[in-house]
2 protein chains.
Amino acid sequence: MPAGELNRSVIARAALTLVDREGLGALSMRRLGAELGVEGMAVYHHFANKDALLDEVVTEVLRQTAPEPTGDWRADVRALSHAFRNTVRAHPALLMVTMTRPVDTPETAAFREAQYAALTAAGLSGGALLDAHRTWGSYLVGYLVVEYQAEHSGYRDSDWTPTRRDGFPLTAGLSPYQAGRGWDEQFDVGLDLVLDGISALRGRSR
Amino acid sequence: MPAGELNRSVIARAALTLVDREGLGALSMRRLGAELGVEGMAVYHHFANKDALLDEVVTEVLRQTAPEPTGDWRADVRALSHAFRNTVRAHPALLMVTMTRPVDTPETAAFREAQYAALTAAGLSGGALLDAHRTWGSYLVGYLVVEYQAEHSGYRDSDWTPTRRDGFPLTAGLSPYQAGRGWDEQFDVGLDLVLDGISALRGRSR
DNA sequence: ACCTGAACACCGTTCAAGT
DNA sequence: ACCTGAACACCGTTCAAGT
């Protein structure tokens with residue numbers, strides 16, 4: 001692969017496509033250098049270390065724009081939730097890296113402002129709005145982790161079916177209900193459940 | 001450190017205390033061997049590889065028992081939530097490992113059965129119960145990740161305060177409400193919000 | 001200024017050799 | 001059966017040397 005121009009953005013994007021293609025374990029400085037047609041140690045002239053590189057990669061991933069508000073706060077919350085989920089799921093191998101590293105860029109700030117706007121449109125303000133936002137955000141993050149865990153393990157696709165049922169009657173009895181529902185649908189179901197809770201907060205401001 | 005008896009459980013516990021004390025990065029086969037008074041390669045006689053060792057460590061961590069039911073389903077859901085959070089937070093360096101590896105032991109199965117029991121006591125059943133359980137679980141996992149992220153970054157303790165506020169009026173306006181609330185308290189606030197949503201599911205079974 | 005190549009101190013893992 | 005010690009193929013990172 002010819003070198004072209006070598007700068008932070010080019011290196012970060014090469015790292016991203018490498019991780020998308022071969023997983024997080026494939027990302028080493030030497031390997032990345034080879035991908036860029038350069039010696040691996042050259043990367044250290046653009047990034048202090050691997051950690052700084054990963055920060056830039058995550059920043060690259062989260063360079064998304066928030067969907068336009070529609071006036072319907074529930075629709076806006078759903079749209080923002082889907083945007084976030086789609087963005088993160090576009091690079092599943094990086095999930096744990098994105099979860100661990102806080103990113104504070106104009107893009108992430110604008111996205112959060114849009115989240116606040118949707119909750120404001122829902123009639124929330126002050127501390128109650130922050131409570132709703134933090135709970136909503138926890139649900140988003142947690143659902144992505146649970147979904148990722150289910151996909152990268154022995155569980156059947158789009159199921160959360162436990163295998164160990166002997167001596168656990170409730171678990172056994174629920175097993176028939178586990179089938180036939182996809183992660184996209186279940187994401188919305190849980191989201192609506194959280195939104196019902198958020199609706200109940202209206203009026204309060206703590 | 002004298003060798004004593006060397007078996008899977010002893011090795012896993014040594015790995016756990018090593019990670020608790022010096023972080024996940026300190027866990028290497030050679031280092032762990034030294035901790036046990038033995039050559040690192042001896043561990044391979046008890047575990048196929050490092051992955052298998054980590055599985056056992058996580059299993060060790062999740063060897064907790066569920067609190068007894070009280071008859072008050074909301075109290076039970078809170079108790080189970082606190083038990084889970086306390087268990088995971090006892091080993092923060094292992095959070096991302098515990099999040100990624102599904103564990104299916106008698107202990108985790110019993111804990112899940114207790115969760116189902118609390119939701120049954122709430123009047124849920126069938127698909128609606130599973131929806132509630134998955135949403136509740138997502139919140140628990142997500143809150144722990146968010147909490148961990150806040151603790152291991154530049155943010156102030158027990159705050160989720162964004163630093164970038166110029167041009168984001170809602171973010172700026174909410175900043176005064178960020179102060180003075182702890183993670184323990186906020187965990188319960190979000191949990192109650194989710195439980196309000198769960199309450200609304202009663203009667204439905206999908 | 002930017003890249004190279006060798007070097008250092010580590011990894012996980014394998015395997016013949018010891019007891 | 002269990003542990004050792006050397007070896008292999010990698011790591012991240014540093015740094016003198018090249019251009």
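The basis for the numbers below is simple: all heavy atoms, side chains too, and nothing from hydrogens, waters or symmetry mates. A, B, ... follow the sequence lines: proteins, then strands. Residue 1 opens every chain.
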Chain B vs DNA chain C, heavy-atom contacts under 4.0 Å, first-to-last nucleotide span, 5' to 3', is C:dC11 to C:dT14
Of all heavy-atom pairs linking A:Phe168 and B:Ala110, the shortest is CE2-CA, 3.4 Å
Rounded to the nearest 0.5 angstrom, the CG-CG distance for B:Leu53 and B:Leu32 is 6.0 Å
message: Contact between A:Met99 and A:Val141 at the side-chain level, heavy atoms closer than 4.5 Å - yes or no?
response: yes
(Q) Is it the case that the side chain of A:Glu113 and the backbone of B:Leu170 share a donor-acceptor pair, with hydrogens and angles ignored and the cut-off at 3.5 Å? (A) yes
(request) Check whether any side-chain N or O of A:Glu107 sits under 3.5 Å from a backbone N or O of A:Thr65 as a donor-acceptor pair, and report yes or no. (result) no
Show me the donor-acceptor pairs within less than 3.5 Å that the side chains of residues 78-86 of chain A make with the rest of the protein, sequence neighbours left out.
residue : atom : partner  : partner atom : Å
A:Arg78 : NE   : A:Asp192 : OD1          : 3.3
A:Arg78 : NH2  : A:Asp192 : OD1          : 2.9
A:Ser81 : OG   : A:Val77  : O            : 2.7
A:Ser81 : OG   : A:Trp136 : NE1          : 2.9
A:His82 : ND1  : A:Arg78  : O            : 3.4
A:His82 : NE2  : A:Asp188 : OD1          : 2.5
A:Arg85 : NE   : A:Glu147 : OE1          : 3.1
A:Arg85 : NH1  : A:Asp184 : OD1          : 3.2
A:Arg85 : NH2  : A:Glu147 : OE2          : 2.7
A:Arg85 : NH2  : A:Asp184 : OD1          : 2.9
A:Asn86 : ND2  : A:His82  : O            : 3.1

Closest non-hydrogen contact found for B:Leu16 with B:Val61 is CD1-CG2, 3.6 Å
Margin query: Would you say the ring centers of A:Tyr139 and B:Tyr139 fall short of 6.0 Å from each other?
Written below: no
Would you call A:Asp55 and A:Lys50 a salt bridge, using N to O less than 4.0 angstrom? no
- Query: Without hydrogens or angle criteria, can the side chains of A:Arg13 and A:Ser9 be said to hold a donor-acceptor pair below 3.5 Å?
  - Reply: yes
Quick note, salt bridge (Lys or Arg N to Asp or Glu O under 4.0 Å) partners involving residues 17-30 of chain B, not counting sequence neighbours, are B:Arg21-B:Glu35, B:Glu22-B:Arg31
Within residues 43-61 of chain B, those residues having any heavy atom closer than 4.0 Å to DNA chain C are B:Tyr44, B:Asn49, B:Lys50
Annotated structure of DNA chain C as dot-bracket, pair cut-off 3.5 Å, Watson-Crick or G-U only, | for inter-strand, is ||.|||||...|||||.||
Just so I know, are the side chains of B:Thr98 and B:His91 near enough to count as touching, which here means a heavy-atom distance under 4.5 Å? no
Within residues 21-30 of chain B, the residues having a heavy atom closer than 4.0 Å to DNA chain C are B:Leu27, B:Ser28, B:Met29, B:Arg30
